[in-house]
Amino acid sequence: MPPSEKELIMYQKATVLDLLQIIKKEPDKNYTPEELETLMMAYIKGLEQK
């Protein structure tokens, strides 16, 4: 059974919160678009390995 719309929204919010926590670890760092893309891709790859 596929996830409900409510569950998908919950997963999306959790993902955003996870990424915000990662970014907040270095509050003085400015990220380039390329660095943000790399960070997000690493996050996705980490989830796929679980």
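The figures that follow rest on heavy atoms only: side chains count, while hydrogens, waters and symmetry mates do not.
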- Query: Going by the salt bridge (charged side-chain N to carboxylate O under 4.0 Å, His left out) test, which pairs reach into residues 28-37, not counting sequence neighbours?
  - Reply: Lys29-Glu35
- Would you mind reporting whether Lys13 and Val16 have side-chain heavy atoms less than 4.5 Å apart? no
- Task: For Thr15, check side chain to side chain contact (heavy atoms under 4.5 Å, CB included) against everything at least two apart and list the hits.
- Result: Leu19, Tyr43
- Kindly compute the distance separating CG (Asp18) from CD1 (Ile23), expressed to the nearest 0.5 Å. 11.0 Å
- Message: Could you measure the distance from the CD1 atom of Ile22 to the CE atom of Met40? Nearest 0.5 Å is fine.
- Response: 10.0 Å
- What residues, two or more places apart in sequence or in another chain, satisfy side chain to side chain contact (heavy atoms under 4.5 Å, CB included) together with Lys6? Ser4
- Task: Using side chain to side chain contact (heavy atoms under 4.5 Å, CB included) as the criterion, list what pairs up with Pro3, not counting sequence neighbours.
- Result: Glu7, Leu8, Tyr11
- Applying side chain to side chain donor-acceptor pair (under 3.5 Å) to Lys24 and not counting sequence neighbours gives none
